Amino acid sequence: MKKSAIALAIALGTISFNSAAEIRINGFASIIGGQTLDSDDTLFGYDNDFDMENRSLFALQLAADLQDNLSATAQIVGRGANDFDAEFEWAYLTYTISDSAQISAGKMRIPFYRYSDFLDVGYAYRWIKPPQSVYNLSFSTYNGLSYIHNATLGQWDSTVQFALGSVDDDIIAITYSDEAELNNTVGANWTLSRDWFSMRMAYFATEASISAANSPELSGLLAGLAGYGLTQQAEDLAVEKDDAYFAAFGISIDYNDVLFDAEFTQFEVDDSILAKQQQYYASVGYRMDEWTVHLTYEHNKDKNANDEFNSVPLTITAPNGVTIPVTTDPTNPNAPYLQTLVNSALSDARAESETWSVGARYDFHPSAAFKVELNQFDNQLTDQKVELLSFGIDLVF
């Protein structure tokens, strides 16, 4: 659904529904520009050429009250990175069971993070984008069910959300575009808040399958291992119906004019080439009338376990007792061993970085804010540092 989706939303907004649903249309937008400060450097989709499209977006949200506790919600987003082609990112129904409970069904935001529900609404937070070391998964929606229950526990406000569904999308995993299926995805998050303090925890499990078709290197390794009858070693590399989990914990403080946020996340796909990921950030901010200044530190570490290395034997024994080297070409004595290639692939999945960010937000209008931010990304494996300067306006309407 491309640009016609926006036209449809505008048309709906001009129609009068006398006996049908009352439709409310809201919107938000981000107009962001940025560039890296050194030639040949790239970061978060930016390079040394000034770019106004990469993080810019326009969106409309349609909410229809269907009466009798039933409502429908759709969100249409056009992203600059996709030439502002508009697509339905949300489309779901909600039934309000009681004042404290509701159930939803359809395509929704998957509630991994604290800022998941308004991930694209830049006006809702102080950064240009939430810390990318943590908010780094390349998919953000799922198809399924959601149940939310609100309660009061003593002096604490409690919100529990259960989610069940699946993801079928192209994601960044083995390459920058891989067909992925996350089936039987189930999980929950729980938020507790009191006065100026809140904390949140989440846990999700799924069955992950990610195609290696766009990676000739991995596809070749899998075929080579299968050719030697090393099916277990091939299965330990491929992402095919493997158990995966995501866990998160975060806290938030908004005390007078002092702001503090921190989140820790961990993600792993068992028995696969994908590295176990651990990330966290800590951010402090201070409000001064219409201004908010902030400083953020992020850390990311991806690494495969030591016992995953050297799992491929150097040789195998044929039925006739002949020793066969497990290489890319057993007839060539100089051919590389598959063990070396597999170890190299596992090592290539390793990553470790830290990012410092300093920025400011100026609320120059009741519905709009100007932001400027400087990020310094440090690849701790290569000792390469990249700096990115970005600025822009976030608004809601």
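Everything quoted here is computed from the prediction, not taken from an experiment. All values below come from the heavy atoms of this structure, side chains included, with hydrogens, waters and symmetry mates left out.
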In a table with atom names and distances, give each donor-acceptor pair under 3.5 Å that connects a side chain of residues 97-104 to protein atoms at least two apart or in another chain.
residue, atom, partner, partner atom, Å
Ser98, OG, Ser100, N, 3.3
Ser98, OG, Ser100, OG, 3.3
Ser98, OG, Ala101, N, 3.4
Ser104, OG, Thr94, OG1, 2.8

Checklist entry - OG1/Thr331 to CD1/Ile324 distance, rounded to the nearest 0.5 angstrom? => result 11.5 Å
Item to check | Any pair counted as side chain to side chain donor-acceptor pair (under 3.5 Å), so long as it reaches residues 73-82, sequence neighbours left out | outcome: Arg79-Glu89, Arg79-Asp120
Next on the checklist: If you define the side chain from C-beta out and look only at heavy atoms, does anything of Tyr228 sit under 4.5 Å from Leu338?
Outcome noted: yes
Checklist entry - Can you check side-chain hydrogen bond (donor to acceptor under 3.5 Å, both in side chains) on Gln279 and Gln277, steps first, answer last? => result CA-CA 7 Å; Gln279 305 91 10; Gln277 302 180 19; 3.1 Å; yes
Checklist entry - side chain to side chain contact (heavy atoms under 4.5 Å, CB included) with Leu295: which residues, sequence neighbours excluded? => result Val284, Trp356, Val358
Next on the checklist: Would you say that Thr206 contacts Val186 through its side chain, given a criterion of any heavy-atom pair below 4.5 Å between the two side chains?
Outcome noted: no
Checklist entry - Can you tell me how far CG of Asn150 sits from OG1 of Thr159, rounded to the nearest 0.5 angstrom? => result 4.0 Å
Checklist entry - Linking I/L/V/M/F/W/Y whenever any side-chain heavy atoms sit under 4.5 Å apart, do Val160 and Trp156 land together? => result yes
Checklist entry - Would you find a donor on one side and an acceptor on the other, under 3.5 Å apart, between the side chain of Ser211 and the backbone of Glu179? => result no
Checklist entry - Can Leu341 be reached from Ile174 by stepping across I, L, V, M, F, W or Y side chains whose heavy atoms are under 4.5 Å apart? => result yes
Checklist entry - In chain order, what residues pass the side chain to side chain contact (heavy atoms under 4.5 Å, CB included) check against Asp243, with sequence neighbours excluded? => result Asp270
Checklist entry - CD/Glu352 to OG1/Thr382 distance, rounded to the nearest 0.5 angstrom? => result 11.5 Å
Checklist outcome for this item: side chain to side chain contact (heavy atoms under 4.5 Å, CB included) filter on Gln161, not counting sequence neighbours, yields Pro111, Ser146, Ile148, Asn189
Checklist entry - Any chance the side chains of Ser357 and Asn375 put a donor and an acceptor closer than 3.5 Å? => result yes
Next on the checklist: Given 3.5 Å as the limit, does a donor-acceptor pair link the side chain of Asp83 with the main chain of Asp85, or not?
Outcome noted: no
Checklist entry - Any sub-3.5 Å donor-acceptor pair from Asp65's side-chain atoms to Gln67's backbone N or O? => result yes
Item to check | Sidechain-backbone polar pair: Ser219 side chain, Ala212 backbone, donor-acceptor under 3.5 Å | outcome: yes
Item to check | Any Val77 side-chain heavy atom under 4.5 Å of Trp90 side chain | outcome: no
Next on the checklist: Check this for me: Asn332, atom CG, are more than 12 non-hydrogen atoms of other residues, nucleotides or ligands nearer than 6.0 Å?
Outcome noted: yes
Checklist entry - Any side chain to side chain donor-acceptor pair (under 3.5 Å) pairs touching residues 338-349, not counting sequence neighbours? => result Asn310-Asn343
Checklist entry - Between Ser283 and Arg126, does any side-chain donor sit less than 3.5 Å from a side-chain acceptor? => result yes
Next on the checklist: ring-ring contact (aromatic ring centres under 6.0 Å, His included) for Phe246 and Phe112? Distances and angles first, verdict last.
Outcome noted: CA-CA 8 Å; Phe246 174 91; Phe112 283 148; 4.3 Å; yes
Checklist outcome for this item: Correct closest heavy-atom pair for Ala234 and Leu222 would be O-CD2, 3.4 Å
Checklist entry - Where do Phe28 and Tyr123 land on the ring-ring contact (aromatic ring centres under 6.0 Å, His included) test, with the steps shown first? => result CA-CA 8 Å; Phe28 56 90; Tyr123 186 81; over 10 Å; no
Give the table of side-chain donor-acceptor pairs shorter than 3.5 Å for residues 384-397, with sequence neighbours excluded, one pair per line with atom names and distance.
residue, atom, partner, partner atom, Å
Glu387, OE2, Gln376, NE2, 3.2
Asp394, OD1, Ser30, OG, 2.5
Asp394, OD2, Lys371, NZ, 2.8

Checklist entry - Considering only heavy atoms from C-beta outward, does the side chain of Phe249 approach that of Ile251 to under 4.5 Å? => result yes
Checklist outcome for this item: dist Glu308:CD -> Ile273:CD1 (nearest 0.5 Å) comes out at 9.5 Å
Checklist entry - For atom CH2 of Trp190, is the number of surrounding heavy atoms from other residues, nucleotides or ligands below 6.0 Å larger than 12? => result no
Next on the checklist: Would the distance check show the side chain of Asn183 and the main-chain N or O of Ser166 forming a donor-acceptor pair, the cut-off being under 3.5 Å?
Outcome noted: no
Item to check | Pairs involving residues 33-51, ordered by first then second residue, that meet side chain to side chain donor-acceptor pair (under 3.5 Å) (sequence neighbours left out) | outcome: none
Next on the checklist: Between Arg194 and Asp157 (salt bridge meaning N to carboxylate O under 4.0 Å), is one present in this structure?
Outcome noted: no
Item to check | Main-chain N/O of Ala208 paired with Asp242 side-chain donor or acceptor, under 3.5 Å | outcome: no
Checklist entry - Is there a donor-acceptor contact under 3.5 Å linking the side chains of Asp329 and Thr327? => result no
Next on the checklist: Quick check for you: to the nearest 0.5 Å, what is the distance between Met201 atom CE and Leu192 atom CG?
Outcome noted: 6.5 Å
Item to check | Leu259 and Ser252, any side-chain heavy atoms less than 4.5 Å apart | outcome: no
Checklist outcome for this item: Note: Ala335 and Thr328 closest approach over all heavy atoms is CB-OG1, 3.5 Å
Next on the checklist: Looking at Leu182, is its backbone amide N or carbonyl O close enough to the side chain of Thr185 to form a donor-acceptor pair, meaning the two atoms are under 3.5 Å apart?
Outcome noted: yes
Checklist entry - Out of curiosity, does Phe197 fall in the hydrophobic cluster containing Leu153 (side-chain heavy atoms, cut-off under 4.5 Å, transitive links)? => result yes
Checklist entry - Who passes side chain to side chain contact (heavy atoms under 4.5 Å, CB included) against Tyr255, sequence neighbours left out? => result Trp196, Ile253
Next on the checklist: Is there a path of hydrophobic side-chain contacts, each under 4.5 Å between heavy atoms of I/L/V/M/F/W/Y residues, joining Leu93 to Tyr95?
Outcome noted: yes
Checklist entry - Going hydrophobic residue to hydrophobic residue with side-chain gaps under 4.5 angstrom, can you get from Ile171 over to Val134? => result yes
Checklist entry - Is a donor on one side and an acceptor on the other found under 3.5 Å between the side chain of Arg287 and the backbone of Asn256? => result yes
Checklist entry - Just how far is it from atom CD of Glu373 to atom CZ of Arg361, taken to the nearest 0.5 Å? => result 12.0 Å
Checklist outcome for this item: Shortest non-hydrogen pair, Ala188 vs Phe162, comes out as CB-CD2, 3.7 Å
Checklist outcome for this item: Tyr280 meets the ring pair (Phe, Tyr, Trp, His ring centres under 6.0 Å) criterion, sequence neighbours left out, with His299
Checklist entry - If you take all heavy atoms of Asp261 and Tyr281, which pair is closest and at what distance? => result O-CE1, 3.7 Å
Checklist entry - Asp178 versus Ile172: any side-chain heavy-atom pair under 4.5 Å? => result no
Next on the checklist: Going by ring pair (Phe, Tyr, Trp, His ring centres under 6.0 Å), name the residues that satisfy it together with Tyr362, two or more places apart in sequence or in a different chain.
Outcome noted: Trp291
Item to check | Within-4.5 Å side-chain heavy-atom neighbours: Leu374 and Leu37 | outcome: yes
Next on the checklist: Does anything in residues 133-144 form a side chain to side chain donor-acceptor pair (under 3.5 Å)? List the pairs, not counting sequence neighbours.
Outcome noted: Arg109-Ser140, Ser133-Glu298, Tyr135-Glu263
Checklist entry - With a 4.5 Å limit on heavy-atom distance, are the side chains of Arg350 and Asp302 in contact? => result no
